[in-house]
Amino acid sequence: MIDLDNLLTKCEKTVDFAAEQLRNLVEAHPDYFPMYTQNGKWMHGGEAWTNWCEGFLGGQLWLVYQATGDEYFREKAEHYSRLLEHRKTDLNVHDLGFLFLSTWKRWYDLTGEEDKNAVVIEAGQTLAKRFKEKGEYLRSFVSDESLFIDIMMNVPIIFYAAQETDDEELWETAYRHCLTTRRYLVRGDGSTSHEGIFDLETGEFLRQTTHQGWRDDSSWARGLGWSLYGFGTVYGLTGDARFLKTSQDNAWFYMENTPAHGVPPNDWMERGAQNPHESSAAAISASGLIQLSQLVGDPTLGKQYHDYALQIVDTLTEPEFVGNGDEGWEGVLKQGMYHERLGLGVNESVMWGDYFFLEAVCKVLGVE
Ligand code: GLY
């Protein structure tokens, strides 16, 4: 049984700690966009694999501003959002939702200023250009034949752009991508595959594969988090019950297969895993479960999702996961994982882990 008063106190302390860490980061390394720490330090020359994280710094600054009202963070949030503006036409990544929904969309929601909305819309229109007609999916950054589960967190920006501009074709593009992902990357037991490979000539789906999971047929925990949260969001946007069902199936798989504390390993099926925790998957899923608890009509199920999310946040706000007990640790949430196979960011803080952790904490505190 979770002690709610204690949890709220831990969440308040987490916001304060995140604010302190972010202030230190932007003062020590102005205009630098970190991705993962090495031995707890952000600034290093480690490989990036792809450029998808630049919205999570501005996004955290917006969240801290929302939670504290401190104008310092508002000013920095605007600054770090502006630094991203040119990415609205970036055709090299599938991550424009991560970049712009966490930053410019928050800015627009706060101000109602049309020039901010125009940036979000343009980013959504750019992302849609990745659509492959034959297989009916938005291609990943890797290649034309590749579809990633991660794109479910980005496709909402296309629905948004379509809604704002009354563009039915754009809406249809986003819709078809979601149906393809649901069909080929989400399995009958609610687990997910990281990647799907298609035949470019015929559009035929060929096989499930992975980059960051253990095996092609296993289940990478963060990918499932992206699916749970992403399908919930697109259910909220479309009202299509199939997407709600998919998010619920993901939630069920997560809850059934994760230890009682709520933090999964990098891949649920990996035998003899060296690293017991992938905290960023837990943070993403906590935030996605809180959203799901509000979307689902059934109050009993809603409570189940919400209680489980609280369990995750309760665990992640303990000293084992929060870096404030570790002298010199520059991130917020420890024990995250970027790319275990490539040895990038293993048992470290990762920028999206900090972002979604803060988002979940803000939801628990009722300030998001
Ligand atoms: N979207 C890339 C990742 O989850 O690592």
Side-chain angles (χ1 to χ4, degrees), residues 33-38 46-57 59-60 84 87 90 92-103 123 127 130 137-143 146-158 177 181 185-186 191-196 208-214 216 218-231 233 250 254 263-268 270 275 277-288 331 333 335-357 359-360:
F33 289 97
M35 194 176 215
Y36 57 91
T37 60
Q38 268 178 13
E47 195 193 318
W49 192 43
T50 173
N51 296 310
W52 64 288
C53 288
E54 291 74 11
F56 298 129
L57 175 51
Q60 286 181 73
L84 293 182
R87 301 284 302 277
D90 185 346
N92 294 318
V93 297
H94 56 245
D95 303 296
L96 297 184
F98 284 134
L99 267 71
F100 288 92
L101 293 175
S102 52
T103 53
L127 184 61
R130 310 186 73 76
Y137 59 92
L138 298 157
R139 55 152 287 183
S140 83
F141 84 94
V142 170
S143 66
S146 156
L147 159 69
F148 271 24
I149 193 73
D150 321 31
I151 301 172
M152 281 310 302
M153 286 297 279
N154 294 285
V155 71
I157 199 170
I158 304 182
H177 171 85
T181 305
L185 298 192
V186 185
S191 70
T192 53
S193 165
H194 184 184
E195 186 185 35
Q208 296 184 343
T209 60
T210 194
H211 293 265
Q212 286 153 283
W214 179 52
D216 293 347
S218 68
S219 196
W220 175 46
R222 189 158 69 255
L224 186 133
W226 296 141
S227 181
L228 187 168
Y229 200 157
F231 275 106
T233 304
N250 297 150
Y254 188 109
V263 185
N266 187 56
D267 190 311
W268 279 283
E270 181 174 357
N275 306 294
H277 302 127
E278 207 296 69
S279 62
S280 78
I284 293 155
S285 301
S287 195
L333 183 64
Q335 299 199 53
M337 184 100 60
Y338 180 24
H339 202 311
E340 195 176 27
R341 289 178 183 201
L342 296 180
L344 308 178
V346 176
N347 280 328
E348 294 287 346
S349 287
V350 293
M351 214 47 186
W352 59 94
D354 283 8
Y355 172 78
F356 285 102
F357 180 41
E359 187 185 75

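As the structure lists them, so they are numbered: ligands from 1, and atoms in each ligand from 1.
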How about [X] and [Y]: do any of their side-chain heavy atoms sit closer than 4.5 Å?
X: Trp52; Y: Met351; answer: no
X: Thr181; Y: Ile151; answer: no
X: Met337; Y: Tyr36; answer: no

Contacts of type ring pair (Phe, Tyr, Trp, His ring centres under 6.0 Å), residue Phe231, not counting sequence neighbours: Phe243
Shell of residues surrounding ligand 1, defined by a 4.0 angstrom heavy-atom cut-off that is strict: Trp52, Asp150, Gln212, Trp220, Arg222, Trp226, Tyr338
Glu359: partners by side-chain contact (heavy atoms from CB on, under 4.5 Å), with sequence neighbours left out: Leu63, Arg106, Tyr229, Ser287, Tyr355, Phe356, Lys363, Glu368
Set of residues satisfying side chain to side chain donor-acceptor pair (under 3.5 Å) with respect to Thr37, sequence neighbours excluded: Glu348
